Asks: 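One structure coming up, written as structure tokens, with questions to follow.
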Amino acid sequence: MADKYQFEYGDWVQGRSRDGELIHGYVETVDSIQELVKVNVVECDNEKAIGKSIWLPHKSAEKLLDLAVNEESQLLPLIDLALQSNDEHWFMELSTKLAAIKKISKVKNMKHEFLISGNRMKNFDVKR
């Protein structure tokens, strides 16, 4: 199991600020020497902190599990967030995933159109 205090750029974390505010965001910078992480705050008890970056001690932050996002409705808000945070790498990653989902959906729809309901052999029944 991965160490919950080993953070990397882009990891989603939650924790408490020095003032006790509950924060949720993603890691921008990791300072392993001082055991600090710089977190871009996406959600917080204090609305003034949202959109700002704060430093947290490793022990005040907890890495969140990566969730599988496999639907267009889940990806669109994340793409908006990537644009707001100017994270080009994440934006490209999400956009590629969205394009793949749309392509798979299109193929499934095309496949469904070609399915013939009922018995296809009934048209060739000579006793009929």
Side-chain angles (χ1 to χ4, degrees):
M1 187 170 145
D3 184 1
K4 67 179 183 177
Y5 299 123
Q6 288 185 345
F7 300 99
E8 294 179 12
Y9 173 81
D11 284 344
W12 284 93
V13 296
Q14 70 179 14
R16 295 226 176 248
S17 69
R18 282 183 249 168
D19 298 327
E21 303 160 336
L22 182 61
I23 64 152
H24 180 218
Y26 59 91
V27 175
E28 291 183 326
T29 308
V30 178
D31 183 342
S32 299
I33 297 170
Q34 295 184 15
E35 295 186 341
L36 296 170
V37 289
K38 187 176 185 182
V39 177
N40 184 299
V41 180
V42 175
E43 292 183 57
C44 183
D45 295 342
N46 178 4
E47 290 184 17
K48 292 179 182 177
I50 295 174
K52 296 183 179 172
S53 297
I54 63 169
W55 288 95
L56 293 176
H58 281 196
K59 295 190 181 207
S60 295
E62 179 181 344
K63 191 184 304 190
L64 298 174
L65 296 175
D66 289 334
L67 299 176
V69 178
N70 296 318
E71 294 181 21
E72 184 175 347
S73 63
Q74 296 171 323
L75 280 172
L76 293 175
L78 294 176
I79 289 172
D80 289 341
L81 183 58
L83 287 169
Q84 290 172 357
S85 62
N86 294 320
D87 190 333
E88 183 179 353
H89 177 73
W90 190 32
F91 171 78
M92 295 305 293
E93 180 183 323
L94 293 170
S95 296
T96 302
K97 192 167 191 173
L98 179 62
I101 288 172
K102 285 184 174 186
K103 187 174 184 178
I104 289 169
S105 177
K106 186 177 180 181
V107 168
K108 283 182 182 178
N109 287 339
M110 288 172 55
K111 190 175 180 182
H112 188 295
E113 289 175 9
F114 291 111
L115 292 178
I116 301 171
S117 60
N119 183 355
R120 292 178 283 164
M121 296 304 289
K122 72 180 177 185
N123 295 334
F124 301 106
D125 191 359
V126 290
K127 294 180 185 177
R128 216 174 128 196

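We're numbering straight along the sequence, starting at 1. Side-chain atoms are counted along with the backbone in the values below, which use heavy atoms only and exclude waters and symmetry mates. For clarity, every value in this text was computed on a predicted model and none was experimentally measured.
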Asks: Any side-chain to backbone donor/acceptor pair from Asp19 onto Glu21? Under 3.5 Å, distance only.
Replies: no

Asks: Drop me the distance from Leu36's CG to Lys59's NZ, to the nearest 0.5 angstrom.
Replies: 12.5 Å

Asks: For the pair Trp90 and Tyr26, name the ring-plane relationship: parallel under 30°, tilted 30 to 60°, perpendicular over 60°.
Replies: tilted

Asks: Hey, what do you get for CE (Met92) to CD1 (Ile79), rounding to the nearest 0.5 Å?
Replies: 10.5 Å

Asks: Measure the acute angle between the ring planes of Trp12 and His24, then classify it against the limits of 30° and 60° as parallel, tilted or perpendicular.
Replies: tilted

Asks: Are Leu75 and Glu72 packed together at the side-chain level, in the sense that at least one heavy-atom pair is separated by less than 4.5 angstrom?
Replies: no

Asks: How many angstroms lie between NE2 in His58 and CG in Asp31, if you round to the nearest 0.5 Å?
Replies: 7.0 Å

Asks: Say you draw a straight line from CD of Glu35 to OG of Ser60; how long is it, rounded to the nearest 0.5 Å?
Replies: 11.0 Å

Asks: Side chains of Leu98 and Leu76: closer than 4.5 Å at any heavy-atom pair?
Replies: yes

Asks: Are the side chains of Glu43 and Ile23 in touch, meaning some heavy atoms are under 4.5 Å apart?
Replies: no

Asks: Could you measure the distance from the CG atom of Asn86 to the CG atom of Asn40? Nearest 0.5 Å is fine.
Replies: 10.0 Å

Asks: With rounding to the nearest 0.5 Å, note down the distance linking CZ in Arg16 to SG in Cys44.
Replies: 9.5 Å

Asks: With a 3.5 Å distance limit and no angle check, can you tell me whether Lys63 reaches the backbone of Gln6 through a side-chain donor-acceptor pair?
Replies: yes

